[in-house]
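I have placed the structure first, in the form of structure tokens, so that the comments after it can refer back to it.
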4 protein chains.
Amino acid sequence: MASDHPMQLGMVGLGRMGANLVRRLMRDGHRCVVHDISESAVKTLEGEGALGAASLPDFVAKLEKPRAIWLMLPAGVVQTTLDQLAGLLDPGDAVIDGGNSYYRDDMARAKQLAARNLHYLDCGTSGGVWGLERGYCLMIGGEEEPVRRLDPIFRSIAPGVGSAEPTPSRTRPGGTAPEGYLHCGPSGAGHFVKMVHNGVEYGMMAAIAEGLSIIRHANVGETARPLDAETAPMRDPDAYRFDIDVAEVAEVWRRGSVVGSWLVDLMADALARSPRLDDFAGRVSDSGEGRWTVLAAVDEGVPAPVITAALTDRFQSQALGELAHKALSAMRSEFGGHAEKKG
Amino acid sequence: MASDHPMQLGMVGLGRMGANLVRRLMRDGHRCVVHDISESAVKTLEGEGALGAASLPDFVAKLEKPRAIWLMLPAGVVQTTLDQLAGLLDPGDAVIDGGNSYYRDDMARAKQLAARNLHYLDCGTSGGVWGLERGYCLMIGGEEEPVRRLDPIFRSIAPGVGSAEPTPSRTRPGGTAPEGYLHCGPSGAGHFVKMVHNGVEYGMMAAIAEGLSIIRHANVGETARPLDAETAPMRDPDAYRFDIDVAEVAEVWRRGSVVGSWLVDLMADALARSPRLDDFAGRVSDSGEGRWTVLAAVDEGVPAPVITAALTDRFQSQALGELAHKALSAMRSEFGGHAEKKG
Amino acid sequence: MASDHPMQLGMVGLGRMGANLVRRLMRDGHRCVVHDISESAVKTLEGEGALGAASLPDFVAKLEKPRAIWLMLPAGVVQTTLDQLAGLLDPGDAVIDGGNSYYRDDMARAKQLAARNLHYLDCGTSGGVWGLERGYCLMIGGEEEPVRRLDPIFRSIAPGVGSAEPTPSRTRPGGTAPEGYLHCGPSGAGHFVKMVHNGVEYGMMAAIAEGLSIIRHANVGETARPLDAETAPMRDPDAYRFDIDVAEVAEVWRRGSVVGSWLVDLMADALARSPRLDDFAGRVSDSGEGRWTVLAAVDEGVPAPVITAALTDRFQSQALGELAHKALSAMRSEFGGHAEKKG
Amino acid sequence: MASDHPMQLGMVGLGRMGANLVRRLMRDGHRCVVHDISESAVKTLEGEGALGAASLPDFVAKLEKPRAIWLMLPAGVVQTTLDQLAGLLDPGDAVIDGGNSYYRDDMARAKQLAARNLHYLDCGTSGGVWGLERGYCLMIGGEEEPVRRLDPIFRSIAPGVGSAEPTPSRTRPGGTAPEGYLHCGPSGAGHFVKMVHNGVEYGMMAAIAEGLSIIRHANVGETARPLDAETAPMRDPDAYRFDIDVAEVAEVWRRGSVVGSWLVDLMADALARSPRLDDFAGRVSDSGEGRWTVLAAVDEGVPAPVITAALTDRFQSQALGELAHKALSAMRSEFGGHAEKKG
């Protein structure tokens with residue numbers, strides 16, 4: 001289904017997300033100019049109908065004014081790319097950072113570009129590897145005018161109103177939120193909302209993971225525990241003799257339950273593929289947004305015990321708590337003569 | 001669409017959930033005998049096609065053997081009802097407890113009924129006030145035979161396979177989980193899984209609530225803070241000057257985002273009705289399952305920091321931490337001469 | 001300094017704590033009859049002036065009526081010992097459980113013994129391997145009469161009023177708390193208070209351990225971090241270039257600081273011995289009381305976020321969160337194609 | 001007992017802590033020049049032997065070179081005072097910030113002063129209102145030379161080696177930590193350690209407060225609970241019928257127990273004065289250091305679940321979680337038709 005207002009967009013950064021954004025836009029009739037440091041990435045999309053550019057100057061030259069340029073880059077190279085672009089663009093051009101930049105960087109970058117009469121939009125983009133089909137949820141920050149101008153682009157990238165049932169109590173007419181994209185506020189507001197979105201994601205993921213872990217271990221009463229002073233005795237082993245199939249539990253929770261969610265869908269899929277999750281060692285990365293969310297909660301003085309616990313849990317999975325744990329064992333040894341138990 | 005195997009079911013307890021279960025079953029062609037201490041509740045369902053019973057003996061008499069009886073009762077009256085029923089039933093009859101009983105009670109009750117050759121199934125039922133239309137997610141514990149016998153009942157209550165996309169990696173043939181109901185294990189296993197489900201629900205709810213709270217308070221930089229030793233200074237007020245519409249944020253997260261979930265749908269609905277949630281004071285009840293989930297995690301020795309934090313947060317909302325907070329203020333007064341700040 | 005009221009006490013269980021209790025009592029002029037399944041443990045104390053007993057009947061025979069018997073046994077053998085003793089004792093005799101029994105067991109045991117007109121006292125005993133010199137803090141539950149009768153015993157075991165400065169605001173005359181022992185209430189109250197004491201201990205220990213860990217890692221800005229999407233970038237490496245000697249920090253905190261405590265004293269001692277704590281792997285045991293404290297907080301509905309977090313942290317140190325962490329990695333892989341990073 | 005090396009020190013800021021530092025120094029034979037915006041504060045200390053100064057220029061003029069100036073000021077006025085002083089001082093002079101500045105500010109200020117060949121030391125000072133008698137624990141950051149030069153000052157302020165038993169395993173000769181003061185590292189290191197010290201303090205305080213709260217509520221089984229779906233039922237009321245005197249518990253924990261600490265001493269004192277702590281409403285302030293400690297833990301990626309939970313708990317006590325709690329009630333209402341329970 002073609003967009004009512006086909007536009008041209010330039011994309012810098014053709015990793016999985018950048019490439020899929022281009023595909024989704026072209027499906028809707030938009031024209032895309034693409035650039036990446038990888039020539040083959042450019043080639044691939046040329047083969048699908050995009051106009052490739054070999055260099056940033058070439059890329060800029062191929063775009064019609066006022067230009068619209070989307071950056072889909074690792075956080076570490078956004079600033080340098082922006083610095084280069086700034087010298088090549090003309091007043092009125094707009095740059096959208098669709099990656100996971102820190103919203104405070106957005107605020108500084110928007111000022112930097114405004115000094116040259118360039119527009120800068122920060123656009124948090126959620127949807128992961130599934131976005132090509134499902135569409136991407138967009139959380140946008142920046143000035144009104146360029147956000148309005150680029151509306152057809154955002155509309156094509158977003159999932160669209162049909163992708164979920166209408167919210168029954170919603171009476172306010174219009175607005176783009178039901179389409180799956182939202183202008184959240186001035187510069188930084190988009191990535192602020194996306195940052196907190198990821199914090200929420202951490203909390204929801206942890207809740208699901210903990211629940212399944214409690215269910216999997218519902219058979220601990222079957223295991224004999226050592227009878228020593230270093231082991232908490234189990235009072236009711238008979239209450240913990242269930243062998244429950246967590247893969248089926250995740251599957252059943254997908255329908256009709258209060259916890260039904262895309263994350264439960266994904267969990268069910270992962271467990272369908274590998275019921276014991278043996279492909280993973282349990283080292284859970286955190287990539288910045290969770291930390292920033294907690295920093296924001298602390299700065300605001302807002303209690304966020306669940307999101308914070310979810311972040312701390314990731315640190316634990318990365319074994320970053322080792323020194324503290326050694327200190328605990330050392331204190332126990334000091335006051336009680338407790339020797340550490342071997343794993 | 002009528003069930004392939006219409007059956008008869010007796011329902012005791014015609015509150016919202018019990019009544020809706022009966023309606024959902026009758027829509028599918030099952031016959032229902034209904035009983036409640038409220039005569040009008042019985043009348044209402046008689047008007048919709050059910051067979052009413054004025055007393056438990058009358059109720060039992062109207063059921064064909066082997067009887068199938070579903071209890072949808074407040075936790076506090078399950079045991080007494082069961083005690084009465086046990087004297088009226090015949091070997092081979094089955095009782096399903098569809099409420100929120102503690103799984104350890106199920107284990108005792110199953111034994112109690114087994115002594116009379118009666119079957120007892122525990123069936124965690126999720127779906128709330130929306131289950132009539134969406135179907136209910138069922139988590140079942142108990143013996144194989146009665147679970148199999150009652151399959152048409154469970155199938156009609158559950159949402160059905162069409163209510164969600166298939167799980168892509170799922171290859172195992174059959175199983176009822178994709179229908180939205182699951183035999184989780186022996187007596188107690190159903191309510192165990194439902195209990196943990198509710199623990200997960202606590203965690204997911206808290207993650208969403210905290211996230212929206214952090215977004216709502218993204219404007220704290222606008223508020224002047226008192227410059228006294230009792231108030232943490234704000235270092236970067238300019239980073240917190242966003243007025244973000246949380247109702248629209250909840251709406252936009254419904255489509256394409258990683259946090260997409262039924263709970264976000266409901267949150268968006270509540271905010272559409274009342275953007276400041278002024279109908280609520282913020283006293284969040286907990287009704288048992290969250291506590292039991294934490295007890296299980298502790299008994300198992302499984303870390304559940306997020307679910308636990310969500311439970312603790314509810315206790316905080318109920319102002320149950322007052323004494324501890326007074327003790328903190330008292331210590332601060334002792335060592336630093338700090339007077340308590342007025343709200 | 002001899003007790004004003006020398007008594008006779010029987011001690012069953014001559015591990016480190018039992019033996020040291022006997023020594024501390026004998027120093028104060030009390031006479032002790034001792035029994036243990038280890039003959040050599042009995043011999044050792046005979047060599048120091050105690051009267052040894054080879055069997056429980058022999059032990060009971062050697063005690064003057066009304067007998068006073070202190071059990072200092074692993075939790076797992078208290079009940080069987082008590083069952084044996086019950087058949088050997090006479091009305092009016094008193095048994096004190098000085099170990100770490102669960103207070104609910106105390107309540108049952110007190111009833112069991114009361115049926116034979118025997119007294120049962122539960123006595124939480126804190127002091128660890130240092131109690132011989134420092135004295136033990138005693139938290140006692142049970143009937144008034146035997147507690148009063150055994151006062152000279154408790155007084156000799158406790159540290160005594162001179163072991164700390166008087167509490168300035170204390171005006172209430174008398175009471176034994178300033179001596180370091182307290183009759184907390186009826187059966188179970190002693191071990192209840194001791195249980196919570198240990199919960200507090202978990203929280204204080206964790207606070208100290210975490211603090212030292214944050215200080216030790218104050219040099220993370222010196223370490224280059226991989227620039228990939230799986231690693232949270234460090235914004236202010238220059239703010240984290242401190243190499244701080246945590247052993248000296250623990251030592252300096254011992255004097256004049258708000259965190260001054262016996263646990264900080266012990267931490268300083270452990271770090272003086274081994275600045276990197278290389279003797280420990282960081283697997284921190286939990287031996288029941290912390291779990292029970294959290295169960296009590298949940299049952300009471302009282303927020304105890306810090307004590308609960310400290311318990312959860314121990315579970316993490318025991319790697320009991322592995323499945324949950326694998327589930328998190330699995331979800332990340334599903335939605336973002338994130339591969340797990342190797343440690 | 002006079003210092004072996006009496007020196008002159010200028011003190012700016014004569015609040016309780018500044019004034020007591022001056023008194024403690026003069027007791028040891030040091031000469032103090034004092035300044036404050038309050039004339040009466042200056043007068044009071046003049047009456048005790050200090051040399052008063054009416055203005056900063058007057059203050060600077062009265063100090064011998066190289067000058068040593070201690071600032072004991074609210075965080076909000078340190079920078080302006082420093083800016084004024086910088087213009088009045090001569091190369092080689094040293095300024096010590098003894099307040100609770102953020103360590104990152106110290107790093108910037110040290111650079112600012114170094115540009116004029118002035119020294120800047122950051123000195124975390126713990127001890128509260130009791131420091132005059134007990135001495136203050138000092139955590140110092142900055143260059144070696146001025147720290148060494150000012151050693152007699154630090155030594156007089158600190159509690160001294162006799163204020164605690166020696167650490168048994170300590171073999172390293174020398175060092176000032178056993179005196180109660182420590183040069184922790186370069187600029188910022190002193191306030192960094194003090195910041196974390198306060199984080200530890202938050203955690204320890206919360207552990208004690210939670211424990212006493214669990215003990216106080218050990219009588220919840222005595223209270224009838226409403227039998228409704230919004231209230232978690234109590235399974236074992238008989239296990240919670242203890243009325244325990246928490247004031248006496250705090251007192252007994254002061255001697256011989258593992259949790260023995262200055263904070264428990266203070267808690268016992270507060271409870272001796274007011275057993276129900278009725279002077280307090282339970283609104284617990286946080287004044288920056290706890291927040292900064294959590295930010296540091298997050299930046300470092302170090303798990304600090306207990307300190308973080310203690311900070312979050314203070315936010316809860318300040319009712320900053322209201323919006324999140326309203327959101328939880330709203331979701332419960334949406335999915336379950338649960339009405340909020342009145343307090």
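Only a predicted model underlies this, so the values are computations on that prediction, with no experimental measurement involved. Lettering follows sequence order; numbering is per chain, from 1.
- Top candidate by heavy-atom pairs under 4.5 Å with chain A, chosen from Ala327(C), Gly127(C), Gly282(C), is Gly282(C).
- Checking Ser287(A) against Glu289(A) by side-chain atom types alone, a donor-acceptor pair falls below 3.5 Å.
- Residue pairs satisfying the salt bridge (Lys or Arg N to Asp or Glu O under 4.0 Å) criterion with at least one member in residues 304-313 of chain A, sequence neighbours excluded, are absent.
- With a 4.5 Å cut-off on non-hydrogen atoms, Leu212(C) touches chain A through its backbone but not through its side chain.
- Screening residues 271-296 of chain A for ring pair (Phe, Tyr, Trp, His ring centres under 6.0 Å), with sequence neighbours left out, gives Tyr102(A)-Trp292(A).
- Counting heavy-atom pairs under 4.5 Å between each of Gly99(A), Ser274(A), Gly337(A) and chain C puts Gly337(A) at the top.
- Arg109(A) and Ser101(A) are linked by a side-chain donor-acceptor pair at a separation below 3.5 angstrom, with hydrogens and angles left out of the test.
- Remark: side-chain polar atoms of Asp236(A) are not paired, donor with acceptor, to backbone N or O of Ala239(A) under 3.5 angstrom.
- For Glu201(C), the part lying under 4.5 angstrom from a heavy atom of chain A is the side chain only.
- Only the side chain of Ser333(A) comes within contact range of chain C, with heavy atoms under 4.5 Å apart.
- Taking each heavy atom of Ile208(A) and Leu263(A) in turn, the nearest pair found is CD1-CB, 3.7 Å.
- Contact of Arg235(C) with chain A is made through the side chain alone, with heavy-atom distances under 4.5 Å.
- At a 4.5 Å heavy-atom cutoff, the contact between Ala330(C) and chain A is made by backbone and side-chain atoms alike.
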